[in-house]
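Following: one structure in structure tokens, then a few remarks.
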Amino acid sequence: MSVRVRFAPSPTGFLHVGGLRTALYNYLFARHHKGTYVLRIEDTDRTRLVENAVENLIKSLKWAGIDYDEGPGKGGDYAPYIQSERLSIYKEYADILHKKGAAYYAFDTTEEIDEMRKRNPGESFTKYDRTSMKNEYTLGEEESKKMVDSGTSYVLRLKVPDSTTVVFDDLIRGKVEVSTNEIDDQVLMKSDGFPTYHLANVVDDHLMKITHVIRGEEWLPSTPKHVLLYHAFGWEKPLFAHLPLLLNPDKSKLSKRQGSVAVEDFASEGYFSDAIVNFVALLGWNPSSDREIYTIDELIESFDIEKVNKGGAVFDRAKLEWMNFQYLKLMPANELADILTPILEAKGITGFQTEYLEKVINLFRERIKFVKEIPEIAGYMFSSPQDFEQEYLEKHWKGNTVEILEPLLDKYKATGDFSHSALYELTKSYIEGLGKKLKEIIHPIRLMLTGKSAGAGMFETMEVLGKDECIKRIEEFIKIKETGKI
RNA sequence: GGCCCCAUAGACUAAUGGUUAGGUCAUCAGCCUUUCACGCUGACAGUAGCGGUUCGAAUCCGCUUGGGGUCACCA
């Protein structure tokens with residue numbers, strides 16, 4: 001039988017990185033087994049509708065390079081893939097459950113339920129009390145039918161059998177057992193006619209012929225309810241695999257507060273999708289070799305759901321940055337220039353050729369983790385420096401600096417070769433001819449051209465800046481220095 | 001609190017009964033050097049604890065401790 005998996009997020013407005021990892025593992029599993037990947041939207045909570053949430057979700061998945069075979073916008077044999085468009089299906093299956101006696105109507109108000117829970121405050125676990133509340137059993141079948149027909153608000157609850165044990169196998173965790181005494185008579189159909197997650201999820205997974213349910217660990221406690229539902233319907237259940245959680249540094253479930261958590265935020269912060277995918281893939285699993293960087297095809301090739309770890313994994317942003325840097329180092333300059341251009345434009349820097357941007361990128365790519373850092377640390381590549389580091393100036397600008405500089409400036413003016421190697425030779429032989437060391441002149445030059453103590457190689461920087469610009473900056477600096485303004 | 005899940009260095013992980021417990025991030029040091037980085041080399045640092053099974057345990061079992069998740073007409 002061919003593998004069919006699904007990623008079934010609820011449209012909360014954005015894709016959480018934890019969701020991305022779940023989506024990714026499903027994707028890797030599907031592709032590894034040459035199976036089918038389904039995207040299904042679980043929007044059965046109409047109180048939490050968020051505008052454009054589905055579009056955003058799909059956009060983020062697409063950004064990450066995770067494409068699905070069936071789902072919203074694509075269709076498929078089991079459409080629709082948005083649960084709010086499948087209401088009549090759930091109603092139909094809810095009725096089947098009711099007819100089988102596996103579920104029953106209940107008429108309690110929210111207040112009555114609250115009160116029931118308050119009744120035994122010392123109790124460790126408050127289960128819906130089928131024998132004392134307002135439902136089909138206490139009211140009688142006839143009365144209850146009358147109420148339903150007359151339009152009284154009601155829900156459908158799962159009749160959980162007493163004192164039996166639900167057992168299922170988890171691909172990652174092995175055998176899991178839970179006593180039904182610990183399982184509540186879960187609401188399956190809400191009073192607004194929408195199904196709860198539990199019903200919709202089971203019905204859809206069955207109807208869509210899902211073979212493996214791969215989802216976050218937070219679903220583990222409700223899986224027994226789902227197993228009960230499969231059993232009640234007389235359906236074969238899929239295989240389950242509950243993924244370990246992604247954690248904050250304090251080990252709690254990954255959330256905002258301690259940094260971005262939305263995939264779109266990582267994108268706008270300048271992370272590369274390949275880096276995020278690579279990083280997230282290795283949180284909870286790895287191909288067991290001594291390597292960190294993998295292409296998506298390599299991940300697909302070696303993915304093994306049974307080798308996924310059981311314990312939660314802290315989302316370490318420092319390592320993510322390092323990962324991003326690994327990709328930045330290797331990325332073609334023209335692609336990075338395409339990223340740089342709008343960043344510069346946003347700062348009002350325009351009019352530079354792509355070729356020039358590529359040179360700047362190559363100068364700085366090993367000194368940054370994000371492209372957006374370039375205008376921050378190397379603004380002088382786009383206009384003359386306005387500020388000069390005071391401490392750097394005081395340390396390297398001596399009384400005789402101008403004296404030493406002027407003949408060198410003439411040599412720069414005279415040379416036809418402004419390549420970094422030629423500049424190096426020229427500068428070196430000149431300064432050594434004076435019995436001085438190269439570094440004695442390099443720092444003043446760096447100061448005049450960049451205003452900063454830190455930067456790329458001096459002669460490489462000069463080559464990219466170009467002869468005219470370098471000469472202009474040096475002359476300007478000397479002039480201003482003479483006025484005493486610096 | 002009940003139930004469920006989990007436990008290799010600060011973090012991510014490898015090792016599925018036999019290794020000096022390996023790799024990566026972070027941290028620290030040295031080298032390189034033209035500043036800052038990169039890179040290279042090295043260092044620090046781990047099987048939560050206690051029992052048991054076994055010739056042999058990070059690995060299997062039990063208990064303890066610790067952490068997390070979950071207990072809605074939310075998913």
Side-chain angles (χ1 to χ4, degrees), chain A residues 8-12 42-45 47-48 83 106 108-110 113-114 117 121-127 153-157 170 172-174 176-179 181-184 186-198 200-201 215-224 242 244-245 247 249-253 279 282-293 307 309-323 325 329 364-368 377 392 396 424 427-428 437-443 445-447 450 452-461:
Chain A
S10 68
T12 54
E42 313 232 326
D43 60 344
T44 53
D45 184 359
T47 65
R48 286 208 201 173
Q83 291 187 327
D108 318 276
T109 63
T110 314
I113 295 285
D114 285 347
R117 293 208 174 97
E123 201 82 332
S124 52
F125 169 73
T126 49
K127 197 167 160 162
S153 180
Y154 70 94
V155 300
L156 184 73
R157 283 182 181 271
D170 187 281
I172 295 170
R173 289 151 212 284
V176 179
E177 296 184 41
V178 180
S179 163
N181 294 340
E182 301 294 334
I183 305 172
D184 200 5
Q186 188 64 51
V187 169
L188 301 175
M189 289 295 281
K190 300 181 247 184
S191 55
D192 64 0
F194 277 66
T196 57
Y197 168 84
H198 307 284
N201 175 271
R215 72 213 325 181
E217 189 186 346
E218 67 266 32
W219 295 110
L220 200 49
S222 53
T223 303
H242 288 93
L245 259 22
L247 274 24
D250 70 358
K251 305 272 189 185
S252 58
K253 193 161 128 181
F279 176 70
L282 266 34
L283 250 27
W285 168 77
N286 82 38
S288 57
S289 63
D290 297 335
R291 191 151 65 100
E292 303 290 324
I293 307 300
K307 292 197 77 174
N309 288 163
K310 300 179 183 76
V314 172
F315 191 87
D316 180 1
R317 288 159 203 277
K319 188 161 183 180
L320 207 210
E321 287 194 4
W322 171 83
M323 184 80 73
F325 173 62
K329 272 199 300 188
F364 289 95
R365 70 194 313 161
E366 287 187 344
R367 275 163 255 261
I368 56 174
I377 68 162
Y392 191 51
H396 295 287
Y424 173 77
T427 310
K428 192 175 175 188
K437 289 191 174 138
L438 187 60
K439 59 169 69 169
E440 292 180 60
I441 194 65
I442 273 189
H443 293 295
I445 293 175
R446 179 179 297 286
L447 175 74
T450 76
K452 292 174 186 285
S453 60
M458 198 59 247
F459 301 114
E460 285 80 359
T461 304

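None of the values given here were measured: they were computed from a predicted structure. To find a chain, count down the sequence lines: A is the first, B the second, and so on, and within it residues start at 1.
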To the nearest angstrom, how far is [X] atom [atom1] from [N] atom [atom2]?
| X | N | atom1 | atom2 | result |
| --- | --- | --- | --- | --- |
| Ile441(A) | U34(B) | CD1 | P | 15 Å |
| Lys439(A) | U34(B) | NZ | P | 6 Å |
| Ile172(A) | U16(B) | CD1 | C1' | 16 Å |
| Glu218(A) | G67(B) | CD | P | 21 Å |
| Met458(A) | U35(B) | CE | C1' | 10 Å |
| Lys428(A) | U33(B) | NZ | P | 11 Å |
| Phe459(A) | U33(B) | CZ | P | 15 Å |
| Ile293(A) | C12(B) | CD1 | C1' | 13 Å |

Of the nucleotides [options], which has the atom closest to the [X] side chain?
| X | options | value |
| --- | --- | --- |
| Tyr424(A) | U34(B), G69(B), A26(B) | U34(B) |
| Val314(A) | C73(B), A11(B), G23(B) | A11(B) |
| Ala313(A) | C12(B), U35(B), C73(B) | C12(B) |
| Glu366(A) | A37(B), U34(B), G23(B) | A37(B) |
| Leu438(A) | A75(B), A72(B), U34(B) | U34(B) |
| Glu292(A) | U35(B), G69(B), U24(B) | U24(B) |

At less than 4.0 Å, is any side-chain N or O atom of [X] found next to OP1 or OP2 of [N]? Yes or no.
| X | N | answer |
| --- | --- | --- |
| Asn201(A) | A75(B) | no |
| Thr44(A) | A75(B) | yes |
| Arg157(A) | C73(B) | yes |
| Asn309(A) | U8(B) | no |
| Lys127(A) | C71(B) | no |
| Lys251(A) | C6(B) | no |
| Lys253(A) | U70(B) | yes |
| Lys307(A) | A15(B) | yes |

Is it the case that [N] (base atoms only) and [X] (side chain only) share a donor and an acceptor within less than 3.5 Å, ignoring hydrogens and angles?
| X | N | value |
| --- | --- | --- |
| Arg446(A) | U34(B) | yes |
| Arg367(A) | C38(B) | no |
| Thr110(A) | C73(B) | no |
| Lys319(A) | U24(B) | yes |

Pick out the pairs of N or O atoms, protein on one side and nucleotides 3-5 of chain B on the other, that lie under 3.5 Å.
residue : atom : partner   : partner atom : Å
C5(B)   : O2'  : Arg173(A) : NH1          : 2.4
C5(B)   : O2'  : Glu217(A) : OE2          : 3.1

In whole Å, what separates the [atom1] atom of [N] from that of [M]?
| N | M | atom1 | answer |
| --- | --- | --- | --- |
| U16(B) | A11(B) | C1' | 24 Å |
| C44(B) | A7(B) | C1' | 23 Å |
| U64(B) | G69(B) | P | 22 Å |
| C60(B) | C3(B) | C1' | 26 Å |
| C4(B) | G49(B) | C1' | 23 Å |
| A43(B) | G22(B) | P | 11 Å |
| G39(B) | C12(B) | C1' | 23 Å |
| U8(B) | U13(B) | P | 9 Å |

- To the nearest 0.5 Å, tell me how far Lys190(A) NZ sits from Thr47(A) OG1. 7.0 Å
- Item | Rounded distance (nearest 0.5 Å) linking atom CD of Glu217(A) with atom OG1 of Thr223(A) | 10.5 Å
If we call it a pair only when both distances are under 3.5 Å in a Watson-Crick or G-U wobble match, what pairs with [N]?
| N | result |
| --- | --- |
| C55(B) | G18(B) |
| U47(B) | none |
| C4(B) | G68(B) |
| A75(B) | none |
| U41(B) | A29(B) |

- Note on the structure: Contacts of Lys190(A) and Asp184(A) projected onto RNA chain B by closest heavy atom; the upstream (5') one is Asp184(A)
- Task: Return the 5'-most residue of the pair Gly284(A), Glu42(A) with respect to RNA chain B, ranking by each residue's nearest nucleotide.
- Result: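 That would be Gly284(A).
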- Message: Within the 4.0 Å heavy-atom criterion, would you say Ala106(A) contacts the bases, only the backbone, or no part of the nucleic acid?
- Response: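 It contacts nothing in the nucleic acid.
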- Item | Among Arg291(A), Lys319(A), Glu292(A), the one residue meeting side chain to side chain contact (heavy atoms under 4.5 Å, CB included) with Leu282(A) | Glu292(A)
- Sub-4.5 Å side-chain heavy-atom contact between Met189(A) and Thr196(A): no
- Message: Counting only heavy atoms from other residues, nucleotides and ligands, does the tally under 6.0 Å from NZ of Lys127(A) exceed 12?
- Response: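 Correct, the count exceeds 12.
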Looking only at non-hydrogen atoms, find the nearest pair between [X] and [Y] and report the distance.
| X | Y | value |
| --- | --- | --- |
| Val314(A) | Pro249(A) | CG1-CA, 3.8 Å |
| Asp43(A) | Phe194(A) | O-CE2, 4.4 Å |
| Arg446(A) | Ala454(A) | NH1-C, 4.4 Å |
| Tyr197(A) | Thr44(A) | N-OG1, 4.2 Å |

- Message: Please tell me whether Phe279(A) and Trp322(A) form a close aromatic pair, meaning their ring centres lie under 6.0 Å apart.
- Response: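 Between Phe279(A) and Trp322(A), the centre distance exceeds or equals 6.0 Å.
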- CA sep, side-chain torsions, deciding dist, call: Arg215(A), His242(A), side chain to side chain donor-acceptor pair (under 3.5 Å): CA-CA 5 Å; Arg215(A) 72 213 325 181; His242(A) 288 93; 3.2 Å; yes
